[in-house]
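All values below were derived from every heavy atom in this structure, side-chain atoms included, with hydrogens, water molecules and symmetry-related copies excluded. The structure displayed is predicted, hence computed values, not measured ones.
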Amino acid sequence: MVEVLAAKALTLRHLHWIFMAEEKELRYDPAAIETKWQQRWAADPQLYAAEPTSSGKSKYYVLEMLPYPSGQLHMGHVRNYSIGDALARHMWMRGYNVLHPMGWDAFGLPAENAALKNNTPPREWTLANIAAMKRQMQRIGFSYDWATEVATCLPEYYRWNQWFFLRMYEKGLVYRKESKVNWCPECATVLANEQVINGYCWRHEETLVEQRELEQWFFRITAYVQELLDGLDKLEGWPEKVRTMQRNWIGRSEGTEIDFAVENRGEKIRVFTTRVDTIFGATSIQLAPEHPLVTALAATDAGLKTQVSKLIEEQKKAKESGDVGAIEKHGVPSGRFAVNPYNGELIPIWIANYVLMDYGTGAIMSVPAHDERDFEFAKKYAIPIREVIRPVQNEAETEHGAKLPFVSEDGVLVNSGKYDGLTCAEAQKRLQEVAARSAFGEAKVIFRLKDWGVSRQRYWGTPIPMIHCERDGLVPVPDDQLPVILPDKIEITQTGGSPLARVPEFVHVTCPKCGGAARRETDTMDTFVDSSWYFYRYTDAKNATAPFDPATAQYWFPIDQYIGGVEHAILHLIYSRFWTKVMRDLGMIKNDEPAQRLFTQGMVIKDGAKMSKSKGNVVSPDDMVARYGADATRMYALFAAPPDRDLDWQEDGVAGVSRFLGRVWRLAEKYAPIARVSERIASTGQNGGTAQKLLRKLHQTIAKITLDFEGRWHFNTCVAAIMELVNELQAADAQLTSGEVSAPVVRELLRVLALLLAPFAPYLAAELWEELGGEGPILRAPWPKSDPALAKEDEIEIPVQINGKLVALVRIAPDADTEAFEMAALVDEKVKARVAGKMIVKVIVVPGRAVNLVVK
RNA sequence: GCGGAAGUGGUGAAAUGGCAAACACACUAGCCUUAGGAGCUAGCGCCGAAAGGCUUGCGGGUUCAAGUCCCGCCUUCCGCACCA
């Protein structure tokens, strides 16, 4: 009895299976198609490999920013990589030698946090995440050459960070100095700026981050500051926004430094000003609370000391809360006076909380009449306000003086002794000359950009290859002892500075110079070091004797197209420009800049907000791929908005793209047999209007998409154009089925459709290509060429306007002459009716576009 | 405050100075059916029964013609900010 029931159940299940199988024939099944092709592609490691530099083809290096291996791709990645992948595939089809690599920015704090939380070693956690994300990328079908894969946490990679560090040390581009760092007392460790959120620790919402002085390693990026600034003008392939952000970050400022002697003391105060022309209006000197002179004065004055530490405290708090501009201006008089070198005037020296020690000289001359902040401060403390610049434009205003503070440089000097009457610009020049001649000042350019602090008191990063010896001081690790391996066995805790300092086997070494006992540096490098040169490593990823081969790098560089998020506009993109210049000066490369063109894609948002766990609006790529397929997911990412704009993720939209791909698939299923017939039966050459119409649309679509890839990158309209083409094919079902459209034309239509889809929906394109009997991988098939003759319309509809208002549409050949256009417009019934009884003053014909009648 | 970008249907959006709303989503109606996250057909900016009129943040301007160019303003987003 049991057996009978079992047999029956089996039969039903069997029937159901057959039934499902039949249904599958009619149904687009992305999972089946994509699994099949994923396996085939995985079995062909050469598919996405670049050819040797001797290939003779033009090279094209397309690069997407490498991800941090968090363990999960997010939609931002999918969008970024879908853009790059479409471009790479297109360039392959255009016959270029394409380098399209991927890697992992694998060092960083999250691995240590995960280690704490899950008791998993950072290395293990990171490598597992890399494996998981690589699987995701392969599932989506991105065309990376995995043979050049780079993971920055592996010794094969980070040994070259150390190597570069030593080369830069030799060139004086690495140095050590005391510096302020963010310190979380709860974590008992240093935090990166990004880990300080409104002055609080990112892990301890209630803990204020402190500033501490520590010995830190620095890269002398300021040695290249002017070149980094000037280079921006030449980076025409970079978004203006990014160039502007970098200019602001570099913050070049031209001005003058002037020494003010301190009355009754031997010292001088050096101030920086961009407005030396206003110096006769200086009615006080303002010092930063941490200025050395203030420290000296406070040392012998307990009362002053208390007040100054209050100012420092205020400044610190403001800095921590991230709202420095909102601080209430506050200061104390030092009781001392300074001498204005131009006129010998004695002016009081104050100490103010709005003056910063780390900009300029930490001291300013205060000119209340011509500076907003000085004005506010002078009002508060009743410091004299002396007007020394009068506006030139307005006579009436000049007589009574301008409204103060008058900050414009569009004026002439007054109350300035022999300089009266000069314009601001003239005065600046003259006053600088005088200062230089009398040796109390000079013209000076200062920058906001500071040297790059690279020390991190953390475990999961590149060990800094230096040794501290009591006899020999700082000793670099010799090249033949590289890499300094990051020890595996380590206990990660949240307390007590550099974790490496607690690994005795790591710390204790013999000094390479004297052979005596010495200690290793236990700080590791900022992870931005890793990402500053990784794209050079891709060109020669397996090199065990050098970071890369210069000749190979020279072939591939500069990167033709770099694609990533705008959040890297400053740090990563300045550091990697700096690194490129350093490598150039080391003689390793010839290019001055890493990337010819940069594209910054928009964010992926959902319900009007950036996707984030806390908002609960995260859409998982895995989920999308499982429901709609990889093709639909990535094609939606390109279709929903132009790539540079923010994209609002709407799942219904993905479903729509998936339905579209289903239509394409069914279309191919239906007509592929007809298309294949053409291989055996000669073309009759008899194609009616429908065939012509379809071919016209086809060639228009080719032209549109080709053009877009060449610069505009509006892939959303490319996808729309393919949809229009498919809609037309579908509307011509009767003619396609009946044979009215000949088999060779059907074949051509489907073949080109597959080619056009290849950059956007590579799985389906490969499937169609195979079904149509295409030769080799579609990726290597030549990109179709648009035939202008076939694309041309024989008749177009153009608007006829009367006084700029649309009144009729007339049909006419697009290449008809001006008279024909005018005639066509004038004979139209609607036009006649509107013109009747009036006078045509003028007829404007824009051939091929419009006719406008000016009528009275 | 400085710098940058953007404002178009119910939604995502499209439009070399020349028919505003292509392509899609959602919605409505109908058909088909293996009742599906399926397919097909049609409709779908606003007002209006229709004819027709109106419509690209607001106000000006240039032009035969402006979503597009120019001037002023408003709003939103992003970056920088007591930078001397």
Side-chain angles (χ1 to χ4, degrees), chain A residues 19-20 22-23 26-28 239-249 251-253 255 271-275 278 286 288 315 318 322-329 352-356 358-367 371-374 376-377 407 446-448 566-567 569-570 602-603 605 608 627-628 636 639-642 644-660 662-663 666 714 716-724 727 730 733 797-809 841-846 848-855:
Chain A
F19 169 78
M20 289 299 288
E22 269 174 17
E23 191 181 45
L26 301 167
R27 214 169 238 206
Y28 169 56
E240 192 51 52
K241 178 185 171 129
V242 172
R243 296 200 277 169
T244 306
M245 281 167 75
Q246 292 208 358
R247 274 190 203 105
N248 292 342
W249 187 261
R252 186 178 196 271
S253 183
V271 304
F272 174 79
T273 177
T274 52
R275 292 296 305 277
T278 65
Q286 303 288 343
Q315 226 173 37
D323 198 5
V324 188
I327 187 176
E328 161 118 27
K329 289 189 188 18
N353 66 353
Y354 72 97
V355 180
L356 308 170
D358 56 6
Y359 187 77
T361 58
I364 62 168
M365 62 176 207
S366 179
V367 185
D371 183 278
E372 304 264 4
R373 295 153 305 184
D374 296 344
E376 189 188 331
F377 192 85
V407 300
I446 64 165
F447 294 92
R448 209 183 73 99
V566 75
E567 65 273 18
I570 307 254
M603 276 190 307
I605 57 176
R627 286 179 196 208
Y628 306 104
Y636 173 76
F639 175 60
D644 55 337
R645 257 205 254 179
D646 284 354
L647 183 158
D648 190 39
W649 195 270
Q650 297 186 359
E651 192 171 332
D652 286 332
V654 191
V657 172
S658 177
R659 284 198 296 271
F660 164 72
R663 270 203 306 283
R666 282 191 303 276
H714 279 197
N716 55 329
T717 60
C718 290
V719 174
I722 297 174
M723 287 173 169
E724 285 185 52
N727 289 347
Q730 209 165 10
D733 177 64
E797 206 171 40
I798 63 142
V800 180
Q801 298 167 313
I802 292 180
N803 295 335
K805 278 189 81 93
L806 176 76
V807 297
L809 296 170
V841 183
K842 201 172 172 189
V843 180
I844 289 124
V845 176
V846 187
R849 305 299 300 196
V851 177
N852 192 10
L853 308 175
V854 184
V855 165

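Using a 4.0 Å cut-off, no side-chain N or O of Lys329(A) falls inside it from OP1 or OP2 of A84(B). Arg659(A) has a side-chain polar atom (N or O) that falls below the 4.0 Å cut-off from OP1 or OP2 of A38(B). When the side-chain nitrogen and oxygen atoms of Arg247(A) are compared with OP1 and OP2 of C2(B), none of them lie within a distance under 4.0 Å. Listed pair Asn248(A) / A81(B) fails the phosphate criterion, with no side-chain N or O lying under 4.0 Å from OP1 or OP2. Side-chain nitrogen and oxygen atoms of Thr717(A) include none within less than 4.0 Å of the OP1 or OP2 phosphate oxygen of A13(B). Checking the phosphate oxygens (OP1, OP2) of A24(B), a side-chain nitrogen or oxygen of Asn727(A) falls inside 4.0 Å. At least one side-chain nitrogen or oxygen of Gln730(A) sits closer than 4.0 Å to the OP1 or OP2 atom of C40(B). In this model, the phosphate group of A81(B) is approached by a side-chain N or O of Arg448(A) to a distance below 4.0 Å at OP1 or OP2.
Side-chain proximity of Ala850(A) to the nucleotides G18(B), G37(B), G39(B) is greatest for G18(B). Closest to the side chain of Val854(A), from the set C64(B), G37(B), A38(B), is C64(B). When the nucleotides C25(B), A13(B), C64(B) are ranked by their closest atom to the side chain of Arg645(A), A13(B) comes out on top.
Glu240(A) comes within 4.0 angstrom of no nucleic acid atom, judged by non-hydrogen atoms across all strands. Nucleic acid contact for Pro642(A): sugar-phosphate only, since backbone atoms but no base atoms lie under 4.0 Å from a heavy atom of the residue. Residue contacts shown for Asp646(A) are limited to sugar-phosphate atoms, with no base heavy atom under 4.0 Å away.
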One pair to check against side-chain hydrogen bond (donor to acceptor under 3.5 Å, both in side chains): Tyr354(A) and Gln286(A). What are the steps and the verdict? CA-CA 9 Å; Tyr354(A) 72 97; Gln286(A) 303 288 343; 4.6 Å; no
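Base orientation for G9(B): syn, the chi torsion being within 90° of 0.
Across the P atoms, C69(B) and U8(B) are found 16 Å apart, a figure rounded to whole Å.
Below the 3.5 angstrom threshold, one finds no donor paired with an acceptor across the side chain of Asp652(A) and the base of C25(B).
Closest heavy-atom contact between Ala288(A) and Val355(A): CB-O, 3.4 Å.
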